[in-house]
Amino acid sequence: MNGGPSGFTNAPVTRAFIIASALFTIVFGIQGRFSTLGLSYQDIFGKLRLGKLIMSIFSFSSTPELMFGLYLLYYFRVFERQIGSNKYSVFIVFSILTSLLLEVLAVALLKDPTAKLVTPGPYGLIFASFVPFFFDIPVSTRFRVFSFLFSDKSFIYLAGLQLLLSSWKRSMLPGMCGIIAGSLYRLNVFYIRKAKFPELISSFFSRISLPSMGSPRAASSVRNVVGNVPSYPTRQIERNYPAPMHTAVEPSEDSVTTLVSMGFDRNSARQALVQARNDVNVATNILLEAQSH
């Protein structure tokens with residue numbers, strides 16, 4: 001499982017978020033100010049510092065947490081490719097704000113003015129992403145290790161578990177709040193899954209972040225799709241696109257696996273690749289356009 005095409009193709013928002021998180025973590029690490037981050041009862045109900053609150057959302061508190069966190073954020077770029085950068089921006093804001101609100105409520109209930117109860121970092125976004133990962137990303141391979149059955153999704157779960165337990169109670173609290181936030185998004189609370197930002201805001205990330213790795217012509221090919229991407233019957237795809245030419249090459253297994261990792265059905269992915277002459281980006285556009293009809 002690699003989350004789709006390599007690099008940040010069709011994932012400018014993820015790219016910008018990862019860059020911001022890495023830079024903030026490095027800067028605070030160099031300055032030795034990690035101990036000043038994180039939320040406590042005093043930070044919220046004493047002297048509230050908005051700047052510290054924002055920094056705590058982006059900055060991890062240690063190098064191992066940074067490595068596992070950025071790895072998971074990078075993998076979860078598959079969701080931006082599925083629903084589009086605009087709606088993924090809504091997902092980010094909703095996950096962070098909802099998990100932050102839940103953390104504040106938890107800190108208020110615990111009422112421990114001396115302890116840092118919440119570790120810094122984008123835990124809300126990361127663990128909210130595990131909800132669509134669990135429901136919407138299919139298992140493509142299974143294997144056994146010493147009589148234990150694993151799948152290709154197991155590595156993502158293990159990385160998440162490592163991050164969840166990295167600071168014990170201080171990391172478990174924001175992790176659980178993130179899972180709740182992701183569940184609320186999936187339940188479409190307040191019809192949040194239909195919400196969109198103005199295009200000017202969503203395209204802002206494309207302009208401020210570094211150039212994408214991968215094919216640039218695919219940047220506009222992915223449309224907004226909400227929730228799980230279902231399988232598509234053969235006749236539906238053929239209705240929207242002409243039958244493949246006889247000279248079309250057989251789709252490569254890597255290309256099929258890439259589309260499956262993005263949530264598409266294997267048979268539909270293979271049909272789309274045949275019509276797209278094994279071009280993953282064009283095949284993705286075919287599948288998403290078929291879903292929209």
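Nothing here was measured: the structure is a model prediction, and the numbers come from that model.
Side-chain N or O atoms of Asn86 include one that pairs as donor or acceptor with a backbone N or O of Phe197 at under 3.5 Å. Under a 3.5 Å cut-off, the side chain of Lys153 and the backbone N or O of Pro138 do not form any donor-acceptor pair. Side chain of Ser21 to main chain of Phe58: a donor-acceptor pair is present (N/O by atom type, distance under 3.5 Å, no hydrogens or angles).
Heavy-atom neighbours of Met176 CE from other residues, nucleotides or ligands within 6.0 Å: at or below the threshold of 12. For Tyr191, the OH atom counts as loosely surrounded, since its 6.0 Å shell holds 12 or fewer non-hydrogen atoms of other residues, nucleotides or ligands.
The closest side-chain heavy-atom distance from Leu100 to Glu103 is below 4.5 Å. A 4.5 Å side-chain heavy-atom check between Ser154 and Arg142 finds every atom pair outside the cut-off. Side chains of Thr119 and Phe60 form no contact here, defined as non-hydrogen atoms less than 4.5 Å apart.
Ring orientation note: the planes of Tyr75 and Phe133 are nearly perpendicular, at an angle over 60° on the 30°/60° scale.
Thr14 meets the side chain to side chain donor-acceptor pair (under 3.5 Å) test with Glu80; sequence neighbours excluded.
Under 4.0 Å is where a charged nitrogen must lie from a carboxylate oxygen, and between Asp136 and Arg186 at least one such pair does. The pair Arg270-Glu250 meets the salt-bridge criterion, since a charged nitrogen lies less than 4.0 angstrom from a carboxylate oxygen.
The closest side-chain donor-acceptor pair between Tyr123 and Ser166 falls under 3.5 angstrom. Side-chain polar atoms of Ser255 and Thr258 form no donor-acceptor pair below 3.5 angstrom.
Cation-pi geometry between Arg144 and Phe148 is not met: the NZ or CZ atom fails to fall both under 6.0 Å from the ring centre and inside 45° of the normal.
Atom CD1 of residue Ile179 and atom CD1 of residue Ile126 lie 12.0 Å apart, to the nearest 0.5 angstrom.
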